[in-house]
Q: 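My questions all concern the structure below.
Convention: sequence-line order gives letters A, B, ...; per-chain numbering from 1. Since we're looking at a predicted model, the values are computed, not measured.
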2 protein chains.
Amino acid sequence: MKELHTTTLADQAEEKIIGYIKENHLVPGDALPNEMQFSEMMGISRNVVREAMSRLRMLGLIESRTKRGIIVTEPPLLNGFKKVLDPQLLSIETIKDMMGMRIALEVGITDFIFTNITDNDIKELYEIVARQKALGINSLSAEDEIKFHLKIYQIAGNQFILKFQELMHPIFSFSEQNHENYFKPISQRLKKENKIVTHADILEFIKKGDREGYRKAISMHLQPYLEFLYNYQHK
Amino acid sequence: MKELHTTTLADQAEEKIIGYIKENHLVPGDALPNEMQFSEMMGISRNVVREAMSRLRMLGLIESRTKRGIIVTEPPLLNGFKKVLDPQLLSIETIKDMMGMRIALEVGITDFIFTNITDNDIKELYEIVARQKALGINSLSAEDEIKFHLKIYQIAGNQFILKFQELMHPIFSFSEQNHENYFKPISQRLKKENKIVTHADILEFIKKGDREGYRKAISMHLQPYLEFLYNYQHK
DNA sequence: TCACTACATTTGTCCTACAAATAGGTATTA
DNA sequence: TAATACCTATTTGTAGGACAAATGTAGTGA
């Protein structure tokens, strides 16, 4: 774990401020020393302290207001994660890993879904599926595709997972478009082999209360991603 | 989604630099304009640009070296996530959500495990379990508890999930300690009802190649967390 | 051609200054 | 006395200048 590039004073200041919060057991709402005090405590310029503070402010660990000073806040967990999710910047390997995570999550929330689901949820799912069917099997709009899965995640009732999934989604749609000539043959083959699992199929398992069936169905539904992550070779 | 506090110039600069990377389709290795150029482009002082750069550098989106300038890098996805994972700062609701995620992930990677596992992996798991047994059922050391699950995640072969799990783990052990008087009764009750699923039990399902059995077993093994997240009421 | 040197550029750090916001105290008034 | 209006001191946000350190680059000499 050694540093490739020398750590700057801003890096050190950041660590010390985080350390200060932990050591003094500060909790959201508590005040931090102001910039000048940190500057003097560490023997560095205020500019550098500000760089560190700016980082923590971006992560949502602190908020600062004129005169009032700086206060600790409960950080939104995924502030930083959101900013680095640019498909242009991520390697294929990383995107594969994210697809794996998506599959694991969507299969893994099965029990939560069956625990939490209400009749009204099922009704809403039927509406989404009906709208898709009305548009015809071939014009499966991306919008309704998203809506169905989004609803599934909402039913699971875990805000963290929901947010996480929403953030990852653009990566997948980008990848599907970018590797269209890879995904299309997979879909066509599955169709020929009659292995396509539609949202309507999945919904039936939910209605019947068949967890194992649902798990297998959602897994098959995500099969294209699975094949991508196991088989795709970068040029 | 409206802003509670006025966005600072540093916030805007950060957005613009990220925007610059996206619009110009920069990829890791490409160079960015230097600080003065950004400063002039945006009509703001170099200090502010540096604050924004400092944030991006922390996230791992860029690296900068004297004279060479600033280059785009492939960001480690979880740099920011890691820094906000302080159990002292997170609400019970957030921690519950994280536990839910942990359960979903560990159940959800079942298929990956059974796809990837080798005889050698099984052997290693047996060694971990044997060491636990040798120490006696009551002195189930936290270390071996961690090792078993860590090995499971390694077998799944997804670096992102592995890293994610490693980062979340301290939150769980903190929570177990912090709410010890909540977790202990659950364990005792499960023991009385003979519903304790040990690592040895789990391992048997792996050996037999019984996915469904494994899924149920790992789920039962994580039952205390599940009960916590469903039942725990904050004072 | 190659090694060495000098130079120019760019980041990292420090300093000073001031505007804007505002908490907290003070004076004023009903 | 109590409520209100005003003042002042403090603190963040922003600007701009300065210089050290690092290092690519060009130029020099063998």
Q: Can you check whether A/Arg50 has a side-chain N or O nearer than 4.0 Å to OP1 or OP2 of D/dT12?
A: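 No, no such contact exists.
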Q: Once you round it to whole Å, what is the distance between P of D/dT12 and CG of A/Leu56?
A: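 Going from A/Leu56 (CG) to D/dT12 (P), I get 14 Å.
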Q: Is A/Arg131 salt-bridged to A/Glu127, going by a charged N under 4.0 Å from an acidic O?
A: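 So A/Arg131 does not pair with A/Glu127 through a salt bridge.
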Q: Can you check the B/Leu32 CG to C/dT11 C1' distance for me, whole Å?
A: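 After rounding, the gap between these two atoms is 14 Å.
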Q: Quick one: are the ring centres of A/His149 and A/His169 less than 6.0 Å apart?
A: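 No, ring centres 6.0 Å or more apart.
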Q: Report, as a single string ordered 5' to 3', how protein heavy atoms within less than 4.0 Å touch nucleotides 14-20 of chain C: B base, S sugar-phosphate only, - not at all.
A: BB-B--B
Q: Taking atom types as modelled, is there a side-chain donor on B/Thr8 or B/Asp11 under 3.5 Å from an acceptor on the other?
A: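 On atom types as modelled, these side chains qualify, holding a pair under 3.5 Å.
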Q: Is a side-chain donor or acceptor of B/Thr73 paired with a backbone partner of B/Gly60 at a separation under 3.5 angstrom?
A: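 Here the side-chain-to-backbone pair exists.
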Q: Measure NZ/A/Lys67 against C1'/D/dC7 and give the value in whole Å, please.
A: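 For the pair A/Lys67 NZ and D/dC7 C1', the rounded distance is 12 Å.
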Q: Any ion pair linking B/Glu51 and A/Arg55 (charged N to carboxylate O, less than 4.0 Å)?
A: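 Salt bridge absent between A/Arg55 and B/Glu51.
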Q: Just how far, in rounded Å, is P of D/dG13 from CG of B/Asp11?
A: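 Whole-Å distance recorded here is 9 Å.
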Q: Find the distance B/Met36:CE to D/dA18:C1' and express it as a whole number of Å.
A: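 Going from CE in B/Met36 over to C1' in D/dA18 covers 13 Å.
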Q: Report yes if a side-chain nitrogen or oxygen of A/Arg68 is closer than 4.0 Å to either non-bridging phosphate oxygen (OP1 or OP2) of D/dA9; otherwise report no.
A: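 No.
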Q: Is there a donor in the side chain of A/Asp97 and an acceptor in the side chain of A/Thr94, or the other way round, less than 3.5 Å apart?
A: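 Note: A/Asp97 and A/Thr94 side chains miss the donor-acceptor criterion.
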Q: If the plane angle is over 60° it's perpendicular, under 30° parallel, otherwise tilted; pick one for A/Phe164 and A/Phe81.
A: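 Judged by the thresholds at 30° and 60°, the geometry between A/Phe164 and A/Phe81 is parallel.
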Q: Using a strict cut-off of less than 4.0 Å between a Lys/Arg side-chain nitrogen and an Asp/Glu carboxylate oxygen, indicate whether B/Lys96 and B/Glu93 qualify as a salt bridge.
A: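 Salt bridge between B/Lys96 and B/Glu93, a charged N being under 4.0 Å from a carboxylate O: yes.
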Q: Please state how far atom CZ in A/Arg65 lies from atom C1' in D/dT12, giving the value in whole angstrom units.
A: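 For the pair A/Arg65 CZ and D/dT12 C1', the rounded distance is 12 Å.
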Q: Above 12 or not: heavy atoms from other molecules or residues under 6.0 Å from CG of B/Asp119?
A: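 Check fails, neighbour count at 12 or below.
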Q: Distance check needed: D/dT23 P versus B/Ile70 CD1, whole Å only.
A: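 Atom CD1 in B/Ile70 sits about 15 Å away from atom P in D/dT23.
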Q: Just how far, in rounded Å, is C1' of D/dA22 from CG of B/Asn34?
A: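 Atom-to-atom, B/Asn34 to D/dA22, this comes out as 15 Å.
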Q: Note the angle between the end axes of the helix from C/dT1-D/dA30 to C/dA30-D/dT1, five pairs defining each, rounded to 10 degrees.
A: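 Computed angle between terminal axes is 10°.
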